[in-house]
Structures are given as structure tokens and as C-alpha cells.
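A short write-up of the structure that comes next.
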Amino acid sequence: MARILDSIDGPEQLRTLSIPQMEELAGEIRNEIIEKVSVRGGHLAPNLGVVELTMALHYIFNTPDDLLVWDIGHQAYVHKLLTGRRERFHTIRQFGGLSGYLRREESSYDVFGASHASTSISAALGLAAARDLQGKEHKVIAVIGDGALTGGMALEALNNAGSLKKNLIIVLNDNEKSISDNVGALSHHLSQVRKVQTTPSYQRLREMAKGSIERLPVVGDRARTAAGRAETSLKQFVLHSKSGVIFEELGIKFFWSF
Ligand SMILES: Cc1ncc(C[n+]2csc(CCOP(=O)(O)OP(=O)(O)O)c2C)c(N)n1
């Protein structure tokens, strides 16, 4: 049977799919990754975990004009499959084949070649500053895991990003794992916030707030912005914490999706 994946030469085709087609595509991508990685090894779990996230990013943003910066790049197999490299995917991590990480020489969609952890926010911030100097308007998005976020360079970049106030989107892929379980104060903070989200009282409040917002006579972006703000306030209220979510305190707006 013909696969949807075989018709995807770039994000343009992805953006024409319906939700059921995208669900089917997500399954095909997982099968492709399992099949190819099981032959010669590679990063399996980090890639199986970002299938929907990667599809959503390429669907929503106008890549490659909008710049997608992956931290490390070990989780970029899905990105490679969706950006014109599916026919060469079986060569990944082999001499002369596709890189197991990102390479600017390999594709215009590979904005920043890393493989070292914790570099994405810095790189994206630099790209956002360059964009502003050039008077351009594209989006810059850094995607970073909760493990990489604990690296010194990421913390330095957050410090800088919170004060420069560039239009920069940071997607935190908080899957509670690094190479092993995450450790440290930041990881503890995130787990506290996560715990709040899963309590029945928070869920009930959230549903109530969502219901009220949906009944408001505003539509589209304004409703979404209002919903985002309401959720942030709600979270901080429920957290009972003077300092709230640490990123907000650093000047970075924080939206949670799970
Ligand atoms: C400076 C540096 N230290 C260690 C590594 C090894 N390394 C590769 S992937 C990874 C885990 C990343 O975890 P996380 O950022 O949470 O991403 P996930 O795999 O969960 O998507 C690490 C530590 C690295 N690439 N660079």
C-alpha cells in the first residue's frame, strides 16, 4: 500500500494533509525510524518521542524561512524525513550518508549544526538578533530538551534572552529524561510544575477556565492569547508560589501544553 510518507518531499506537502492523514503519517514515520535504526543503530527513543512535535512545528511555521534550531540534533530524524531526505534516510550515520545530527551543508532546513548539548537558545537568540538588524520578520524557534536545558550554556542564553527581549520562541520538550533520569534543581522545579498540572483540582479549574473563555464573544488569536494568559495566571495561582514559574521571572512568557 502506498505510504503518505512517500509523497512528502518537504513541509509544503505536510501542510496540505488532514488531521487523520497526519495521524497515519506519524505511524509511518515511527515505522520507518524503527526499521532503519534497527539495522545499524542510532537514536531511537528521542526520535520516536518527537514525531508529532516535529510535524506540528513544520506544519505551523513556514520552514525553512522560519528558522528551526534543534538542540543537539540527535532527535532530528523526523525533521530529516520531512525535509526532502526520506530517500537517503537509510544511509544515516554511514560514511558518505546522512549525518546522525544536523548539518548546514546537508539541507537548508538545518539551520545550526550542533551535536553538543545546550547550544540552541544561544544560537537562536543570535539568529533573532541578526534578523532584527536586517529588518526581517521571520520566526526563530529553538527546540530544547529538559536535559539540555540544565547545561551552563543554556542557562547563560536564558539570562541573555530574558533581558534582550527578542521575538524568540523556545520549545521545551520536557520528557523527564536525558540520557538517564534528569537531576538538579531545575529538573526538580519542572517536576513540581508538572505535578500541579496533573492534580484533579488543577484539571477541574483548567476545564472551567477553558469553558468560560470559549463562551467569550472573541474569536481567533485574541481568544487564544486570552486562554494562554488565563492558563499562566491559573498555574501561578495553583502553584501557591511567590516566584511562580522560573521562566516568567526571567522575562520569558511560559505556556504549558501537555
Ligand atoms: C555537551 C554535551 N554533553 C553530553 C552530550 C550527550 N548527550 C546526547 S543526547 C543527551 C541527552 C539530551 O537529553 P534532553 O535534552 O532531555 O533531550 P531528549 O533526548 O530527552 O530529547 C546528552 C546528554 C552532548 N551531546 N553534549
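In what follows, residues are counted from 1 in the order of the sequence shown. Both ligands and their constituent atoms are indexed starting at 1 by order of listing.
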Give the residue and atom name of whichever protein heavy atom lies nearest to [atom], and the separation in Å to one decimal.
{"atom": "atom 1 (C) of ligand 1", "answer": "Ala117 N, 3.6 Å"}
{"atom": "atom 19 (O) of ligand 1", "answer": "His74 NE2, 2.8 Å"}
{"atom": "atom 23 (C) of ligand 1", "answer": "Ile179 CD1, 3.8 Å"}
{"atom": "atom 20 (O) of ligand 1", "answer": "Asn175 ND2, 2.9 Å"}
{"atom": "atom 25 (N) of ligand 1", "answer": "Ser115 O, 2.8 Å"}

Checklist line | Shared hydrophobic cluster, Ile4 / Val51 (ILVMFWY, side-chain heavy atoms < 4.5 Å) | finding: yes
Next item on the list: Would you please say whether a donor-acceptor pair under 3.5 Å links the side chains of Gln13 and Thr16?
Entry: no
Notebook entry, point to check: Does Arg103 use its side chain to pair, donor to acceptor, with the backbone of Phe112 at less than 3.5 Å?
Noted result: no
Check: Any idea which part of Asp146 is under 4.0 Å from ligand 1, heavy-atom wise: side chain, backbone, both or neither?
Finding: both
Notebook entry, point to check: Hey, is NZ on Lys166 packed in by over 12 heavy atoms from elsewhere, all under 6.0 Å?
Noted result: yes
Check: Should the ring pair Phe254 and Phe247 be called parallel, tilted or perpendicular, given that the plane angle runs from 0 to 90° and is split at 30 and 60?
Finding: parallel
Margin query: Please report whether ligand 1 has a polar contact with Ala148, defined as an N or O pair separated by less than 3.5 Å (distance criterion only).
Written below: yes
Check: For ligand 1, is there an atom lying under 4.0 Å from some heavy atom of His116?
Finding: yes
